[in-house]
Amino acid sequence: MSWVIKTEGLTKNYGWFLWKRKTPALDCLNIEIHSGSVFGFLGPNGAGKTTTIKLVMGLIKPTAGKAFALGVEADDIEVKNRIGFLPDNPAFSSQLTAYEFLNICAKLLRIPSNTRRARINEVLEIVKMTKHAKSKLGTFSRGMTQRIGIAQAILNRPELLILDEPLLGLDPYGRQELKDIILEQKRNKTTVFFSSHILSDVEEICDSFAILNNGKLLCCGGLNELLASDGCLVRISNCDEAVKELMGDATETLKKAQHEWELIFKNTSRQTDDKIKAAVAKYNGKLQVSASKEHLQDFFFRKIAESEENLSP
């Protein structure tokens with residue numbers, strides 16, 4: 001089995017009989033997420049991301065279609081021991097300490113008593129919460145609660161880790177730490193599926209992604225596949241003469257540091273290509289040329305805009 005999550009015509013309608021929504025919360029979703037990857041699930045609020053996650057976790061029933069996780073249907077109870085899950089806006093008992101909460105989770109996951117304490121201490125260290133082990137969850141900030149939520153999600157060394165908006169509420173330092181945790185899980189052969197609104201982070205750590213809007217899948221594929229090359233990037237070091245020669249033809253000009261420039265050329269003409277090649281030969285070693293790819297943020301907004309246009313009467 002090369003996939004760990006698979007959906008077939010997955011559909012979810014909310015409401016009853018005559019007052020059902022005209023637009024389903026999720027409409028005939030077909031995706032496959034491959035083993036050992038980090039997969040980003042993107043879309044604006046109300047796109048159907050959380051509904052999809054609930055269906056994959058077996059927390060709600062589909063109106064039509066099927067969802068599979070780790071080779072079995074999503075409502076299989078036994079498979080839950082092989083999955084780590086962090087829901088959106090997690091809420092835990094405020095009277096429990098962090099250690100007490102994780103101890104209860106470990107018992108529910110049937111982690112043996114002789115290894116339970118060591119594993120709890122290990123995950124607390126991973127999420128940088130060791131010094132708060134004896135503090136009550138009710139005293140935690142949103143970011144601290146999120147860290148404990150991540151700790152319980154990786155407690156059972158899951159084969160599949162599902163995270164709904166895991167970066168929400170974290171400061172930039174905390175976000176970087178979580179990205180490191182996600183990449184470490186990947187190195188440990190865990191497949192990570194997470195939804196996020198922070199597109200730069202998705203672009204940084206994901207192998208593939210999907211975009212959802214109004215319950216419909218807009219695209220799904222590898223990062224390099226979907227963010228295709230759309231021009232070239234010229235990096236120039238200590239050569240202001242080359243910058244002056246080329247910047248008039250550049251689509252975008254970025255000064256990175258003193259005497260360090262990046263010029264982006266979109267959809268270049270043959271004349272511009274020849275000009276760049278001539279500059280590379282003329283200023284040997286001071287220019288580096290590489291493919292320029294569309295940023296995920298630009299791609300995302302373009303896809304959403306296209307889908308909204310298609311909905312217009």
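Worth knowing before you read on, the calculation uses all heavy atoms, side chains too, and leaves out hydrogens, waters and symmetry mates. Position 1 is the first residue of the sequence, and the numbers go up from there.
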> How many angstroms lie between CG in Asp249 and NZ in Lys275, if you round to the nearest 0.5 Å?
Replying inline: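 Reported to 0.5 Å precision, the distance equals 4.0 Å.
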
Between [X] and [Y], is there a donor-acceptor pair closer than 3.5 Å when you use the side chain of the first and the backbone of the second?
X	Y	result
Asp171	Tyr173	yes
Lys216	Leu212	no
Gln146	Glu165	yes
Ser37	Asp207	no
Gln95	Lys136	no
Asp27	Gly215	no
Arg116	Ile111	yes
Thr11	Gly65	no
Arg119	Leu155	yes

Treating Ile, Leu, Val, Met, Phe, Trp and Tyr as nodes and any side-chain heavy-atom pair under 4.5 angstrom as an edge, say whether [X] and [Y] lie in one connected cluster.
X	Y	value
Met247	Ile264	no
Leu287	Leu233	no
Leu254	Leu263	no

> What class does the angle between the rings of Phe39 and Phe193 fall in, given that below 30° is parallel, 30 to 60° is tilted and above 60° is perpendicular?
Replying inline: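 It falls in the parallel class, under 30°.
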
When you compare the side chain of [Y] with that of [X], does any pair of heavy atoms fall below 4.5 Å?
X	Y	value
Leu246	Phe265	yes
Leu137	Thr145	no
Thr191	Glu159	no
Ile120	Asn103	yes
Phe209	Phe300	no

Within the supplied structure, the quantity of interest is the number of heavy atoms (other residues, nucleotides, ligands) at a distance under 6.0 Å from [X] [atom1]; does it exceed 12?
X	atom1	answer
Lys54	NZ	no
Glu225	CD	yes
Arg117	CZ	no
Glu184	CD	yes

Under 4.0 Å between a Lys/Arg side-chain N and an Asp/Glu carboxylate O for [X] and [Y]?
X	Y	value
Glu241	Lys244	no
Lys49	Asp88	no
Lys61	Asp75	yes

>> Checking side-chain polar atoms at under 3.5 Å, does Gln176 have a donor or acceptor matched by the opposite partner on Asp180?
In response: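 Present: a donor and an acceptor within the cut-off.
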
> Any luck finding a side-chain donor-acceptor pair between Ser307 and Asn213 under 3.5 Å?
Replying inline: yes

